[in-house]
Amino acid sequence: MANNLNRQLDEILIEVRKLRAGYESLAAANSKYEVQLSDLKVEADQYKQENIKLKKELEAKREVKNSKLSQSEDKSESSGTDDKSGMKLQLDEFIKDIDQCIQIIQAK
């Protein structure tokens, strides 16, 4: 009976050692995965920062482009206004000349 009990205790001890080895293996793998997870989090943060930076650069480029388009439109509008003003002045001068001609003709 004592022999049987010793054998059973030896089997239990062997199984406990197997369980302990398995636990240590899992603990080591867990530690390795925690390090990898930490590295991936750092990398993800770097990508997020780069994404934010790229978005800011893109927005700045859009603003510059919109500003250039707006300036171009303003120049077109102002040159159009200048052209209209110039034409109005010329017409006013023609009208004055025609009025003078009519006055001269009427005076004769």
Side-chain angles (χ1 to χ4, degrees):
M1 174 119 171
N3 194 15
N4 191 21
L5 186 59
N6 280 342
R7 191 169 30 94
Q8 287 178 346
L9 287 174
D10 285 340
E11 288 175 7
I12 292 173
L13 185 60
I14 290 170
E15 292 300 319
V16 168
R17 286 181 181 160
K18 285 181 184 177
L19 286 173
R20 177 78 179 169
Y23 170 79
E24 288 173 356
S25 174
L26 288 174
N30 188 35
S31 295
K32 182 178 95 174
Y33 291 137
E34 285 177 354
V35 169
Q36 287 179 348
L37 178 62
S38 176
D39 291 344
L40 289 173
K41 285 181 179 179
V42 169
E43 191 174 339
D45 286 341
Q46 289 173 346
Y47 282 123
K48 286 178 185 176
Q49 293 299 323
E50 188 175 338
N51 188 22
I52 290 169
K53 180 182 171 186
L54 290 173
K55 283 182 179 180
K56 286 180 181 179
E57 288 176 5
L58 181 61
E59 185 61 32
K61 286 181 182 179
R62 282 184 189 155
E63 288 177 7
V64 168
K65 187 176 182 180
N66 288 341
S67 175
K68 286 181 181 178
L69 286 174
S70 176
Q71 287 175 356
S72 174
E73 288 174 0
D74 289 346
K75 287 179 183 177
S76 295
E77 288 176 7
S78 66
S79 67
T81 304
D82 291 342
D83 290 343
K84 290 177 184 177
S85 296
M87 291 176 68
K88 186 172 181 342
L89 287 174
Q90 286 178 345
L91 285 174
D92 287 342
E93 288 178 23
F94 287 133
I95 291 171
K96 284 180 186 177
D97 289 341
I98 291 171
D99 281 344
Q100 286 177 356
C101 289
I102 292 173
Q103 287 176 0
I104 291 171
I105 291 172
Q106 286 177 346
K108 291 185 178 178

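Positions are given from 1 along the sequence.
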With sequence neighbours left out, the residues meeting side-chain contact (heavy atoms from CB on, under 4.5 Å) with Leu5 are Gln8, Leu9
Sorted by chain and number, sequence neighbours left out, salt bridge (charged side-chain N to carboxylate O under 4.0 Å, His left out) with Asp97 holds for none
The side chain to side chain donor-acceptor pair (under 3.5 Å) partners of Arg17 (sequence neighbours excluded) come to none
Arg62 meets the side chain to side chain donor-acceptor pair (under 3.5 Å) criterion, sequence neighbours left out, with none
**Asked** Does Ser31 use its side chain to pair, donor to acceptor, with the backbone of Ala27 at less than 3.5 Å?
**Response** yes
For residues 51-61, which side-chain donor-acceptor pairs fall under 3.5 Å, sequence neighbours excluded?
none

For Glu93, the salt bridge (charged side-chain N to carboxylate O under 4.0 Å, His left out) test, sequence neighbours excluded, returns none
By side-chain contact (heavy atoms from CB on, under 4.5 Å), Lys41 pairs with (sequence neighbours left out) Leu37
Contacts satisfying salt bridge (Lys or Arg N to Asp or Glu O under 4.0 Å) that involve residues 22-33 (not counting sequence neighbours) are Arg20-Glu24
*Carefully, step by step, assess Lys88 and Asp92 under the rule salt bridge (charged side-chain N to carboxylate O under 4.0 Å, His left out).*
CA-CA 6 Å; Lys88 186 172 181 342; Asp92 287 342; 3.7 Å; yes
Connected to Ile98, directly or through other members, by ILVMFWY side-chain contacts below 4.5 Å are Ile102
Q.
Does Asn3 have more than 12 heavy atoms from other residues, nucleotides or ligands lying within 6.0 Å of its CG?
A. no
Glu11 meets the side-chain contact (heavy atoms from CB on, under 4.5 Å) criterion, sequence neighbours left out, with Arg7
In this structure, CZ of Phe94 is separated from CG of Leu91 (nearest 0.5 Å) by 7.5 Å
For Ile12, the other hydrophobic cluster members (4.5 Å side-chain criterion, sorted by chain and number) are Val16
Requested in this report: Decide yes or no for Glu43 and Leu40: does some side-chain heavy atom of the first lie under 4.5 Å from some side-chain heavy atom of the second?
Outcome: yes
Lys18 meets the salt bridge (charged side-chain N to carboxylate O under 4.0 Å, His left out) criterion, sequence neighbours left out, with Glu15
